[in-house]
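As the structure is a computational prediction, the values presented were derived from the model and not from experiment.
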Amino acid sequence: MPGLCSAAMRRVAGITADYFYVVRARLRFYRYGSRPPAPTEPAPGAPPPVLLIPGVFETWHYVKPIRDRLEALGHSVHSVPELGFNRHPIPEMAALLTAYVEHRDLRGVRIVAHSKGGLIGKLLLVGDESGRFDRMISINTPYLGSPLARFGIGPWREFSPTRAVIVELRDALDVNARITSLYSEFDQYVPLGHAALPGAENVRLPHVGHFRVLGLPAVIDEVVSRLGN
């Protein structure tokens, strides 16, 4: 019984910290503005470009800690302002990002994505006929959808496990070997087991919550270690 109480308290504390992270991410708007910084010009011998894709109703501010670390390591990091709050359908957002990458003639792109961003990223890998995308590291992405979507409205309904886009992505197994899926041991939005992919590298993180992992140095270390040079 004490062990159960301790686990419950840990979850409550983790979820509370999770929403404090959301507040801080929202407040970054006032410090850094609405538009993300332009990507730096890659130096000779620089590591590959990185495309950052936040989750639904998230802006680039949520993934800023990851962005800062990757820029410090010399990556040219691309946060696409046209994504806005990422509330439009997954195929529409994937088409927007494909056009962005093609317009800039980016190649060898490595994707780092959170939540819905990982679904968009997987669709980019599936439709990558010109070989512009290399691999993806996702964080707390509901690859199998989320049963909680039936209680949602608007864009949240897209995560229903029976939605066509979720079924299509679930059945697209060929690209899974190019994906690393990092996911929290407890996520209030993505039930355990819904973020893992057959054939992918699946890594269960010893953390609670959907959002705050984006700012944890140990999680960013996991991302960096898998991006490579």
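In this structure, NE2 on His194 lies 13.0 Å from CZ on Phe159, to the nearest 0.5 angstrom. The distance from atom CD1 of Ile120 to atom CG of Leu125, rounded to the nearest 0.5 Å, is 12.5 Å. Separation of atoms OG (Ser138) and CG (Leu197) is listed at 7.0 Å; rounding is to 0.5 Å. Here CD1 of Ile166 is found 6.5 Å from CD of Glu158. Values are rounded to the nearest 0.5 Å. In this structure, the separation between CG on Asp128 and CG on Leu123 is 11.0 Å, given to the nearest 0.5 Å. In this structure, the separation between NE2 on His78 and CG on Leu106 is 4.5 Å, given to the nearest 0.5 Å.
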Audit row: Ser115, Tyr189, side chain to side chain contact (heavy atoms under 4.5 Å, CB included) steps and yes/no
CA-CA 9 Å; Ser115 194; Tyr189 297 113; over 6 Å; no
Would you please test Val77 and Val112 for side chain to side chain contact (heavy atoms under 4.5 Å, CB included) and show each step?
CA-CA 10 Å; Val77 183; Val112 177; over 6 Å; no
Give the intermediate values and the outcome of side chain to side chain contact (heavy atoms under 4.5 Å, CB included) for residues Ile66 and Leu214.
CA-CA 7 Å; Ile66 298 175; Leu214 298 172; 4.1 Å; yes
Quick one: do Lys116 and Ile90 satisfy side chain to side chain contact (heavy atoms under 4.5 Å, CB included)? Show the steps, please.
CA-CA 8 Å; Lys116 176 185 176 179; Ile90 291 165; 3.8 Å; yes
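No side-chain heavy atom of Thr141 sits under 4.5 Å from any side-chain heavy atom of Val190. Contact of the Pro142 side chain with the Leu119 side chain is registered, since non-hydrogen atoms from C-beta on lie closer than 4.5 Å. No side-chain heavy atom of Asn176 sits less than 4.5 Å from a side-chain heavy atom of Tyr143. Residues Ile111 and Leu97 are not in side-chain contact: their nearest non-hydrogen atoms beyond the backbone lie 4.5 Å or more apart. A 4.5 Å side-chain heavy-atom check between His75 and Arg110 finds every atom pair outside the cut-off.
Partners of Arg135 according to the salt bridge (charged side-chain N to carboxylate O under 4.0 Å, His left out) rule, which considers only residues two or more places apart in sequence or in another chain, do not exist here. Under the rule for a side chain to side chain donor-acceptor pair (under 3.5 Å), the partners of Asp221 that lie at least two apart in sequence or sit in another chain are Arg69. Partners of Arg26 under the salt bridge (charged side-chain N to carboxylate O under 4.0 Å, His left out) rule, at least two apart in sequence or in another chain, do not exist in this structure.
Residues Arg212 and Ala17 share a closest heavy-atom pair of CD-CB, 3.7 Å. The two atoms that bring Pro36 and Ser79 nearest to each other are CG-O, 3.3 Å, heavy atoms only.
A donor-acceptor distance shorter than 3.5 angstrom exists from the side chain of Arg67 to the backbone of Pro37, with no hydrogens or angles considered. With hydrogens and angles ignored, the 3.5 Å screen pairs a side-chain donor or acceptor of Ser76 with a backbone N or O of Thr40. Judged purely by atom type and a 3.5 angstrom limit, Asn140 uses its side chain to pair as donor or acceptor with the backbone of His210. Although no hydrogens or angles enter the test, the distance criterion places a donor-acceptor pair under 3.5 Å between the side chain of Arg178 and the main chain of Asp134. Panel note: side chain Asp18, backbone Phe211; a donor-acceptor pair is recorded below 3.5 Å. Between the side chain of Ser146 and the backbone N or O of Leu148 there is at least one donor-acceptor pair closer than 3.5 Å.
Residue-environment remark: CD (Glu92) exceeds the threshold of 12 foreign heavy atoms within 6.0 Å. Atom CD of Glu82 sits in a crowded spot, with more than 12 heavy atoms from other residues, nucleotides or ligands closer than 6.0 Å. Annotation: Phe20, atom CZ; neighbour count of heavy atoms from other residues, nucleotides and ligands within 6.0 Å does not exceed 12. For CG of Asp171, the number of neighbouring non-hydrogen atoms (other residues, nucleotides, ligands) closer than 6.0 Å is greater than 12.
In the hydrophobic cluster analysis, where Ile, Leu, Val, Met, Phe, Trp and Tyr join through side-chain heavy atoms closer than 4.5 angstrom, Tyr21 is grouped apart from Tyr32.
Stacking of Arg104 on the aromatic ring of Tyr100 is recorded, both the 6.0 Å distance cut-off and the 45° axial limit being met.
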Would you mind writing out the side-chain donor-acceptor pairs for residues 42-60 within the sub-3.5 Å range, not counting sequence neighbours?
from	atom 1	to	atom 2	distance (Å)
Glu58	OE1	Gly55	N	2.9
Glu58	OE1	His114	ND1	3.0
Glu58	OE2	His114	ND1	3.0
Thr59	OG1	His61	ND1	2.7
Trp60	NE1	Ser34	O	3.0

Listing, residues 150-157 side-chain donor-acceptor contacts under 3.5 Å, not counting sequence neighbours, or none:
from	atom 1	to	atom 2	distance (Å)
Arg150	NH1	Pro147	O	2.9
Arg157	NE	Ala149	O	3.4

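Under a 4.0 Å N-O distance rule, the pair Arg132/Asp105 qualifies as a salt bridge.
Summarising the hydrophobic clusters (Ile, Leu, Val, Met, Phe, Trp, Tyr; side-chain heavy atoms under 4.5 Å, direct or chained), the residues clustered with Leu192 are Tyr183.
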